[in-house]
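A short worksheet on the structure shown next.
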Amino acid sequence: RSWVDFCAGHLPKSLFHPLGKSFPADVGSMVEERDPIVLLVEGSRLDEALRMLVRIGLDDVRGWFDAPTLDEYRRNGGTLATSDEIGIVEGESRFSAPDSFLLDVRRADEFAAGAIPGARQISHTRLRAHLKELPKDRHIYVHCRSGQRSARAVALLERHGFTATNLGGGFLAWQKGAAAAPR
């Protein structure tokens, strides 16, 4: 499913990992080997997902279902969690507030080339190992280059009890907004 669909409703503690070339690295960095896995995937792509998971040593797949099954679960009163996203330019007043925490999940080389002042950098694929370094008592605003890696990071943070918001458009949109701001 898309990030928009995930934000609108997903099973509590779900992770967001669309099938694609980064799927094995992303899942491998955010799912522990002992975690049981249930996939939400189109039936036609189930074998592809299973092969990718097995190749990285994640083979405790307990089952799978598709989006219509989730919709039926919701219609029958099932509880779904939601996730939040705001545009990075529109959200600047929020993430720059003293009670907020700005997390940049781009790679270290991207961060070194330019960053939003006050951001803490932890690559999205290393985030699980650094969760204890993040504040549970502050709202975490997460960004990457464009908003894709940060979406995955937000789902991981929520799974571990953090309050987090994805900053849509990411660093590219912030740069463009900063360049357009009156001086």
Side-chain angles (χ1 to χ4, degrees), residues 1-88 103-107 110 122-134 136 139-170:
R1 297 188 315 144
S2 71
W3 173 243
V4 170
D5 290 339
F6 184 89
C7 285
H10 55 271
L11 293 176
K13 300 198 181 233
S14 292
L15 293 175
F16 175 70
H17 291 294
L19 285 175
K21 67 180 183 174
S22 68
F23 180 80
D26 290 343
V27 173
S29 70
M30 294 187 186
V31 175
E32 295 186 42
E33 190 175 339
R34 68 179 189 279
D35 288 344
I37 299 169
V38 176
L39 298 170
L40 187 150
V41 62
E42 293 176 29
S44 63
R45 299 195 70 192
L46 178 61
D47 286 342
E48 174 187 2
L50 291 171
R51 268 190 258 101
M52 283 192 231
L53 290 171
V54 167
R55 284 184 186 140
I56 60 170
L58 296 173
D59 56 5
D60 190 5
V61 179
R62 305 276 173 99
W64 74 279
F65 60 98
D66 56 13
T69 303
L70 184 65
D71 294 338
E72 182 180 336
Y73 173 77
R74 180 191 334 229
R75 281 192 306 275
N76 289 326
T79 302
L80 297 180
T82 59
S83 294
D84 190 32
E85 176 174 277
I86 58 172
I88 195 165
L103 179 62
D104 183 331
V105 295
R106 296 177 300 153
R107 295 182 321 268
E110 292 174 287
I122 303 172
S123 298
H124 81 290
T125 55
R126 303 205 188 295
L127 186 57
R128 187 178 57 141
H130 294 275
L131 291 173
K132 290 183 177 163
E133 300 168 23
L134 300 174
K136 283 225 173 168
H139 193 108
I140 301 175
Y141 290 89
V142 187
H143 81 88
C144 61
R145 181 175 181 269
S146 65
Q148 299 301 311
R149 291 173 282 178
S150 54
R152 292 162 180 77
V154 163
L156 177 71
L157 290 168
E158 290 173 340
R159 180 180 196 164
H160 289 277
F162 294 89
T163 303
T165 297
N166 189 41
L167 294 170

Legend entry - Closest approach of L39 to A49 (non-hydrogen atoms, all atoms of both residues): CD1-CB, 4.0 Å
Legend entry - By side-chain hydrogen bond (donor to acceptor under 3.5 Å, both in side chains) - contacts of R45 (at least two apart): E48
Inset, instruction - State, to 0.1 Å, how close A153 and V142 come at their nearest heavy-atom pair, and which atoms those are. - result: CB-CG1, 4.0 Å
Legend entry - Interatomic distance, L40 atom CG to L11 atom CG [nearest 0.5 angstrom]: 7.5 Å
Legend entry - L103 side, atom CG; L127 side, atom CG - distance, nearest 0.5 Å: 6.0 Å
Legend entry - Residue pair P24 / G20: nearest heavy atoms and the distance that separates them: CD-O, 4.0 Å
Inset, instruction - Could you note down all residue pairs passing side chain to side chain donor-acceptor pair (under 3.5 Å) where residues 50-65 supplies at least one of them, sequence neighbours left out? - result: D60-R62
Inset, instruction - For H130, check side-chain hydrogen bond (donor to acceptor under 3.5 Å, both in side chains) against everything at least two apart and list the hits. - result: E133
Inset, instruction - Show the numbers, then the answer: is there a side chain to side chain contact (heavy atoms under 4.5 Å, CB included) between D84 and N166? - result: CA-CA 6 Å; D84 190 32; N166 189 41; over 6 Å; no
Inset, instruction - Could you list the residues that satisfy salt bridge (Lys or Arg N to Asp or Glu O under 4.0 Å) with E33, not counting sequence neighbours? - result: none
Legend entry - All pairs passing side chain to side chain donor-acceptor pair (under 3.5 Å) where residues 1-20 contributes a residue, at least two apart: S2-D5, W3-E85
Inset, instruction - For T69, enumerate each residue passing the side-chain hydrogen bond (donor to acceptor under 3.5 Å, both in side chains) test, keeping only those at least two apart in sequence or located in another chain. - result: D66
Legend entry - Interatomic distance, D35 atom CG to M30 atom CE [nearest 0.5 angstrom]: 13.0 Å
Inset, instruction - Under the side chain to side chain contact (heavy atoms under 4.5 Å, CB included) rule, what do F23 and L53 come out as? Steps first, then yes or no, please. - result: CA-CA 9 Å; F23 180 80; L53 290 171; 4.0 Å; yes
Inset, instruction - Output all residues satisfying salt bridge (Lys or Arg N to Asp or Glu O under 4.0 Å) with R34, sequence neighbours left out; order by chain, then residue number. - result: E32
Legend entry - CZ-OG distance between R107 and S123, expressed to the nearest 0.5 angstrom: 8.0 Å
Legend entry - Residues forming a ring-ring contact (aromatic ring centres under 6.0 Å, His included) with F162, sequence neighbours excluded: none
Inset, instruction - For atom CZ of R126, decide whether the heavy atoms of other residues, nucleotides or ligands shown that lie under 6.0 angstrom number more than 12. - result: no
Inset, instruction - Just grab all the salt bridge (Lys or Arg N to Asp or Glu O under 4.0 Å) pairs involving residues 143-163, residues at least two apart or on different chains. - result: D26-R152, E110-R149
Legend entry - Spatial distance of atom CD1 (I140) from atom OG1 (T165) [nearest 0.5 Å]: 10.0 Å
Legend entry - Listed partners of Y141 passing ring-ring contact (aromatic ring centres under 6.0 Å, His included), at least two apart: H139
Legend entry - R74 (side chain) donor-acceptor with L80 (main chain) under 3.5 angstrom: no
Inset, instruction - Heavy atoms only: give me the nearest G170-I88 pair and the separation to one decimal. - result: O-CG2, 3.3 Å
Legend entry - Gap separating the CG atom of L46 from the CD atom of E42, nearest 0.5 angstrom: 11.0 Å
Inset, instruction - Would you check, one step at a time, whether the test side chain to side chain contact (heavy atoms under 4.5 Å, CB included) holds for V61 with V38? - result: CA-CA 6 Å; V61 179; V38 176; over 6 Å; no
Legend entry - side-chain hydrogen bond (donor to acceptor under 3.5 Å, both in side chains) partners of T125, counting only residues at least two apart: none
Inset, instruction - Provide the closest heavy-atom pair for P12 versus T79 in the form atom of the first, atom of the second, distance. - result: CD-O, 3.7 Å
